[in-house]
Amino acid sequence: MPAPFRIYNTASRTVEAFKPITPGHVGIYVCGMTVYDRCHMGHARAMVVFDGFVRYLRFRGWSVNFVRNFTDIDDKIIARAAETGEDPVALAARFIDAFHEDAEALGLIRPDAEPKVSDSIDGIQALISGLVEKKHAYVNAGTVWFDVKSLPAYGKLSGQKVDELQSPDVVPGKKHPADFALWKAVKPGEVSWESPWGPGRPGWHIECSAMAIGCIGDTLDIHGGGLDLVFPHHENEVAQSEAHTHKPFANYWMHNGMLTMASGQKMGKSLGNVWNVQNALKEFPAEAIRLYYLGALYRSPLPWGEDALPEAMGGLCRLYDAREVAEAMSGKGNPTAVAQDLGEDAKRVLSLSAAFEDNFLGALDEDFNTAKAMAYVFELVRAINRFSNHKKAKKRGGPVVAGALAALDLVSAALGVLSMDVESYQEEVKNKRCCAMGLTRESVEEQISERTQARADKDWAKSDTIRDALDAAGVVLMDCTEGTSWRLRICDTQ
RNA sequence: GGCGACGUAGGCAAGUGGUAAGCCAGAGGUUUGCAAAACCUCCAUCCACCGGUUCGAAUCCGGUCGUCGCCUCCA
């Protein structure tokens, strides 16, 4: 049996116990991107949050049908294509490829289905036909509008009252300002499909209803997306879907919070201050980006700034360093007996390891609280490091830290953080930071070997000169018994 | 104007009735050829403000102020 969990439901504004439609199974639909540009850090938060959530569900024993769509027909795409002179469908296809590139680089699991609007026209038209037949939609000059007044429950997800909305636009052909297009009549030069109402293309919201119902069923267990989609996008999805099926569209609505800028405002394309994922990945490891997102509760706003990724990477390095230390420990024997012999710090590692799984997963079970869950990881890491200071830890501590290493593996399995081997991680960090800081690994390593010789000669003056020079360039050296290792300073403290 | 969320140390961020997790930064110490890393100690008598409920509230209720999101495309 899968483990029970609780989750915040936007529809009720409370944390609720999750009840599946089918025992042991979760059908989850997440709104993906409108593909007319590169994936930015705000999108990435949604992607990483739901990626982590699905991993967690599966780790907890749920069978998950994870669907994330692409909106590849849309006003924005058509507008962008007109600017570049490109075919809109080709432009969308290009950005779908780019998204997959970014998704893979971020370590995202592939959804079970990634439906596209352009492949879902039949289902969309069937849904619109149903709404027209049921008198929830009306046709005007080749455009089909959803009639919000035909559905008294309209507004229940977002708490909006249809007559109290600001309605600046007066669009001809609509009966009510809040009515929205299900099917848009073709304009000259636009891509279009034949339909019972004439040539045209789907409106923005109908595709998600059609794809979600097509891939999962009339009722979804969970519908996810960014908080900015609650109104009107998700509200409209609810309206069209329920008007057609007469069944609840989604049992739980799960929304991730926005990335906010220093000013407090969200990161958004319209605000112009957007960092794209591709560039961030050139300078920082993918897992640092994941940890940055997963270090906060998914539905809180998350401040974005220059320090965000450097700090997250610093934390991640701390975790990997501890794992390296633990992996280097050897020895045999019964963990309890060895710990008894090695003292209080060893016993603490053992007790924290033993409690770890319950604590860590317990935090995730309560509204996917990754911030709290990660705090347990850092607590365990400190215990490992403290224990590692003991003289006998390296030769005899293996059995003591075995459980802690298993705990770190659990983090990787459940959240996709800490999933690399230590060496690969360190390589990735060095390569990316060297690139970001304009250094080459060859020159750094050459100077280090020069210094190593100086140290062997006990020429401390020369040794220190080299170290200071490297330090000025951002390279920090660490001398230990196995030799000198190095890393790049993460934050400019100057 | 309507709907909603939030305000916890220098920065970030958990905690939703029982006496403030964790990360970063800072100070002192252990360690080190010197460093770095790591570890130890310190760093919010207090959780925007004002009332109220309670044996007890950051946590519940009411009010005030402030910030943000949505109502137009948005993860």
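Keep in mind the model is a prediction, meaning the values are calculated, not measured. Numbered from 1 within each chain, the chains take letters A, B, ... in sequence-line order.
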Euclidean distance, atom CG of residue A:Asp459 to atom C1' of B:C34 [Å, nearest integer]: 13 Å

Integer angstrom distance from the P of B:A21 to that of B:U67: 31 Å

Separation of atom CG in A:Leu227 from atom P in B:C71, rounded to whole Å: 11 Å

Nucleotide of B:A36, B:C71, B:A5 approaching A:Arg13 most closely (side-chain heavy atoms): B:A5

Length of the CD-C1' vector between A:Gln166 and B:U72, whole Å: 10 Å

Contact nearer the 5' end of RNA chain B, comparing A:Tyr376 with A:Phe50: A:Tyr376

Nucleotide nearest A:Leu165 (side chain, heavy atoms from C-beta), chosen from B:C71, B:C24, B:C23: B:C71

Rounded C1' spacing from B:A37 to B:C65 in Å: 46 Å

Contact under 4.0 Å: A:Asn369 side-chain N or O vs B:G15 OP1/OP2: yes

Touch class at under 4.0 angstrom, heavy-atom based, for A:Arg455 against every strand present: base

Under-4.0 Å salt bridge between A:Glu446 and A:Arg441: no

Integer angstrom distance from the C1' of B:A44 to that of B:G26: 15 Å

Sugar-phosphate, base or nothing in reach of A:Gly305, heavy atoms under 4.0 Å: nothing

Nearest to side-chain heavy atoms of A:Lys76, which nucleotide of B:A75, B:C73, B:C3: B:C73

A:Phe146 and A:Tyr154 aromatic ring geometry - parallel, tilted or perpendicular at 30°/60° bounds: tilted

side-chain N/O A:Arg318 vs B:G22 OP1/OP2, d < 4.0 Å: no

Selected nucleotide, minimal atom distance to A:Asp479 side chain, candidates B:C39, B:C24, B:C34: B:C34

No-H, no-angle donor-acceptor pair, A:Arg451 side chain to B:G33 base, under 3.5 Å: yes

Atom P, compared across B:G15 and B:A48: separation rounded to whole Å: 15 Å

Parallel, tilted or perpendicular: rings of A:His255 and A:Trp253 (30°, 60°): parallel

Options B:A13, B:A75, B:G33, nucleotide nearest the side-chain atoms of A:Arg45: B:A75

Within 45° cone and under 6.0 Å: A:Arg299 NZ/CZ vs A:Phe368 ring: no

Sugar-phosphate, base or nothing in reach of A:Arg80, heavy atoms under 4.0 Å: nothing

Cationic N near anionic O, under 4.0 Å, A:Arg6 to A:Asp367: no

Gap between atoms NE2 and C1', on A:His390 and B:C40 respectively (whole Å): 11 Å

A:Asp51 bridged to A:Arg110 by N-O distance under 4.0 Å: no

Nucleotide B:G26, atom P - distance to CG of A:Asp307 in whole Å: 12 Å

Closest to the A:Asp228 side chain, choosing from B:A75, B:A36, B:C71: B:A75

Sugar-phosphate only, base, or nothing, as touched by A:Glu379 at under 4.0 Å among non-hydrogen atoms: nothing

A:Glu83 atom CD, over 12 foreign heavy atoms within 6.0 Å: yes

A:Arg94 and A:Asp72 ion-paired at < 4.0 Å: no

Aromatic ring pairing A:Trp275/A:Trp304, orientation class (parallel under 30°, perpendicular over 60°, tilted between): perpendicular

Integer angstrom distance from the C1' of B:G51 to that of B:A57: 14 Å

Side chain of A:Gln160 - closest among B:G2, B:A35, B:A75: B:G2

Sugar-phosphate only, base, or nothing, as touched by A:Ser463 at under 4.0 Å among non-hydrogen atoms: base

From B:A13, B:C34, B:A75, nucleotide with atom closest to A:Ala46 side chain: B:A75

Side chain of A:Arg382 - closest among B:A13, B:C39, B:C73: B:C39

A:Tyr8 vs A:Val230, nearer the 5' end of RNA chain B by closest nucleotide: A:Tyr8

Phosphate contact (B:A5 OP1 or OP2) by A:Thr10 side-chain N/O below 4.0 Å: no

Bracket notation of RNA chain B in which parentheses pair within the strand, [ ] cross earlier pairs, and | pairs with another strand (Watson-Crick or G-U, under 3.5 Å): ((((((((.[[[..)..(...]]].(((((.......))))).....[[[[[..)....]]]]])))))))....

Rounded interatomic separation in angstrom, taking CD1 from A:Ile78 and C1' from B:C73: 13 Å

Atom CD of A:Glu104: over 12 foreign heavy atoms under 6.0 Å: no

Any N/O donor-acceptor pair, A:Asp163 side-chain to B:G2 base, under 3.5 Å: no

Rounded distance in Å - CG (A:Asn236) to P (B:U72): 10 Å

Parallel, tilted or perpendicular: ring planes of A:Tyr252 versus A:Phe18, cut at 30 and 60 degrees: tilted

C1' spacing across the pair B:G52 / B:U59, given as an integer number of angstrom: 15 Å

Sugar-phosphate only, base, or nothing, as touched by A:Arg386 at under 4.0 Å among non-hydrogen atoms: sugar-phosphate

Sugar-phosphate, base or nothing in reach of A:Gly159, heavy atoms under 4.0 Å: sugar-phosphate

Closest nucleotide among B:C70, B:G2, B:A75 to the A:Phe231 side chain: B:C70

Euclidean distance for C1', B:C46 against B:U8 (whole angstrom): 9 Å

Side-chain N or O of A:Asn385 closer than 4.0 Å to phosphate OP1/OP2 of B:C39: yes

Gap between atoms CH2 and C1', on A:Trp253 and B:C3 respectively (whole Å): 17 Å

C1' spacing across the pair B:C24 / B:G62, given as an integer number of angstrom: 38 Å

Sugar-phosphate, base or nothing in reach of A:Leu477, heavy atoms under 4.0 Å: base

Touch class at under 4.0 angstrom, heavy-atom based, for A:Gly225 against every strand present: sugar-phosphate

